[in-house]
Amino acid sequence: MTPDDIDLSSLDLFAGGAPWEHFRVLRAQAPLHWNPEPAPNHGFWSLTRHEDVVKVGRDDATFSSQKGAVSLEELDDEQLELRRSMLETDGARHWALRRLLQSDFTARSLASYESFLRGLTATTLDAAFAQGEFDFVRSVSADYPIRVLTRLMDVPDDMASQLIHWSDRLVGNTDPDLADVLADSTDSDQYKDLPFRSPAALEVFAYGDRLAAERRGGDGTDIVSRLVNKVPEDGIPLDERDFHLNFLLLVAAGNETTRHTLSHTMRALIERPDTRAMLRDNPEMLPVAVEEFLRWASPVYHFRRTATRDVEMHGKTIREGDKVLMWYAAGNRDEAVFDRPDEFDVTRNPNDHVTFGKGGPHFCLGNQLARLEVRILIEEILRRCLPLQLTGESEQVRTNCIHGTKRCPVKVVSGG
Ligand code: HEM
């Protein structure tokens with residue numbers, strides 16, 4: 001395979017799982033790779049080396065999020081405004097929006113979550129294991145993070161399955177099993193002003209409106225109340241659209257990524273009895289191991305930036321206006337940073353992964369929460385001696401943005 005054979009815009013390339021070999025070829029032979037795309041798009045640059053992913057993520061003056069961070073769509077100015085959350089905002093306004101929620105996500109505020117998460121884990125695992133045979137994604141890894149989100153938003157637990165369904169339709173917008181309207185079909189043109197080009201966004205907005213109406217002017221400390229009642233530090237209150245888009249961002253971000261980390265980790269541990277036994281017998285190893293779970297899973301394949309000026313890199317010129325993709329998953333397998341990068345080594349330390357971005361202004365707000373959720377769930381599964389076995393192939397989401405598992409059939413066996 002040569003770089004010219006590689007097309008990272010082809011979603012089918014990702015349907016069978018991550019294209020690790022393609023990433024390796026690009027890192028070695030074309031660290032800045034021009035990838036043509038079908039019209040109406042104009043193509044994108046791919047960065048696959050760790051140091052480049054870090055550099056671009058930190059330099060928001062040269063590599064802006066304002067023209068899109070998640071989608072490869074090339075939006076006009078009106079669409080950009082209609083779809084802009086904090087993720088697609090640069091500079092002072094971004095900072096002000098981020099600060100609205102930041103205090104909810106610090107290690108200190110999350111410390112009180114530990115016992116809640118342990119209780120939740122027990123309920124989730126007991127219900128799943130009682131089924132005997134089940135889909136690990138549906139019964140455990142999708143259910144658990146969404147229940148954390150319902151608590152953060154202070155909404156009833158019975159909203160969990162609806163929130164999962166919304167986020168599946170949004171983030172799975174290019175997978176025929178998950179999307180109601182495929183984003184890469186002309187049917188989605190009528191939804192072109194919505195995030196993910198998905199009608200599910202309208203339902204999420206309507207639900208957000210109901211919550212906002214209940215909480216406006218109140219003294220709630222949940223994240224919805226904060227979005228509704230707090231004025232950002234730049235003094236510009238959130239209008240209805242800001243509220244909708246940032247509410248939707250939390251619904252999607254807070255659940256898909258953690259879910260996929262758990263599914264990939266679980267599969268890796270089921271396939272490696274020795275590793276599992278080591279972690280079960282030495283739970284103090286888990287904080288280090290969690291970093292390897294995150295590197296291994298790399299649930300976000302890439303996010304996007306747009307060049308604000310011409311830039312030279314690796315002997316080529318990125319032109320102003322070009323799309324630049326930071327392939328986090330490829331950076332996480334960079335042999336220049338990670339010894340034996342394709343090995344799942346839970347003792348790897350240091351582990352300088354870029355799963356949450358690294359040091360840039362958009363560095364994942366939920367990183368501490370995700371780490372806590374993953375550690376506690378895996379610890380509790382191991383404590384139960386992990387009596388699980390795979391009963392079939394797991395299936396991957398058809399998208400080049402999220403490294404996601406949509407089904408992972410397992411059964412409970414005795415003795416684990
Ligand atoms: C394993 C789980 C997770 C992964 C891999 C992940 C990954 C990421 C990445 C790669 C970014 C963008 C970084 C950048 O552009 O520099 C991001 C941003 C963000 N994440 Fe996460 N995330 C996870 C969990 C969460 C959770 C649990 C929440 C909240 C409940 C969350 C909320 C956010 C938000 C709000 C942003 C935007 C921050 C900004 O624009 O300033 N994430 N995440």
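In each ligand, atom 1 is the first atom listed, and ligand 1 is the first ligand listed.
Taking each of R305, E88, M326 in turn, the one with a heavy atom nearest to atom 15 (O) of ligand 1 proves to be R305.
Using a 4.0 angstrom heavy-atom cutoff, P361 counts as in contact with ligand 1. Using 4.0 Å as the threshold, P299 has a heavy atom nearer than that to some atom of ligand 1.
Electrostatic pairing of R118 and E114 counts as a salt bridge here, judged by a charged N lying under 4.0 Å from a carboxylate O. A salt bridge is absent between R138 and D143; no separation between the charged side-chain nitrogens and carboxylate oxygens falls under 4.0 Å. Between R169 and D180 there is a salt bridge, since a side-chain N of the basic residue sits under 4.0 Å from a carboxylate O of the acidic one. Ionic pairing of D184 and R197 is not present here: no N-O contact between side-chain nitrogen and carboxylate oxygen is shorter than 4.0 angstrom.
By the criterion of a separation under 2.8 Å, the protein N/O/S atoms near atom 21 (Fe) of ligand 1 amount to C364 SG.
Contact of the R375 side chain with the P287 side chain is registered, since non-hydrogen atoms from C-beta on lie closer than 4.5 Å.
The aromatic rings of F23 and W20 stand perpendicular to each other, their planes meeting at an angle above 60°, with 30° marking the opposite boundary.
What sits closest to atom 13 (C) of ligand 1 on the protein, heavy atoms only, is H362 O, 3.2 Å. For atom 38 (C) of ligand 1, the closest heavy atom belonging to the protein is R98 NH1, 3.4 Å. For atom 9 (C) of ligand 1, the closest non-hydrogen atom of the protein is F303 CE1, 3.8 Å.
Residue L294 has at least one heavy-atom neighbour below 4.0 Å for each of these atoms of ligand 1: 1 (C). Listed by atom number, the atoms of ligand 1 under 4.0 Å from L87 heavy atoms are 37 (C), 40 (O). Residue T261 approaches ligand 1 through these ligand atoms, each under 4.0 Å from one of its heavy atoms: 1 (C). Close contacts between ligand 1 and H94 involve ligand atoms 39 (C), 40 (O), 41 (O) [criterion: under 4.0 Å to a heavy atom]. Residue T355 has at least one heavy-atom neighbour below 4.0 Å for each of these atoms of ligand 1: 5 (C), 7 (C), 10 (C).
The part of F363 lying near ligand 1 is the backbone, judged by heavy-atom distances below 4.0 Å.
In this structure, R295 satisfies the cation-pi test against F338, with its NZ or CZ atom closer than 6.0 Å to the six-membered ring centre and inside 45 degrees of the ring normal.
Interatomic distance, CG of L249 versus OG of S85, reported as 4.5 Å (0.5 Å rounding).
Considering both main-chain and side-chain atoms, E373 never comes within under 3.5 Å of ligand 1 through any nitrogen or oxygen pair. The shortest N or O to N or O distance between K358 and ligand 1 is not below 3.5 Å.
Closest approach of D222 to L152, counting heavy atoms only: CB-O, 3.4 Å. V204 and F247 make their closest contact through O-CE2, 3.5 Å (heavy atoms, listed as atom of the first residue, atom of the second, distance). Residues R84 and E88 share a closest heavy-atom pair of NH1-O, 2.6 Å.
The backbone N or O of P3 sits less than 3.5 Å from a side-chain atom of H33, completing a donor-acceptor pair.
Ring to ring, H264 and H403 are close: their centroids are under 6.0 angstrom apart.
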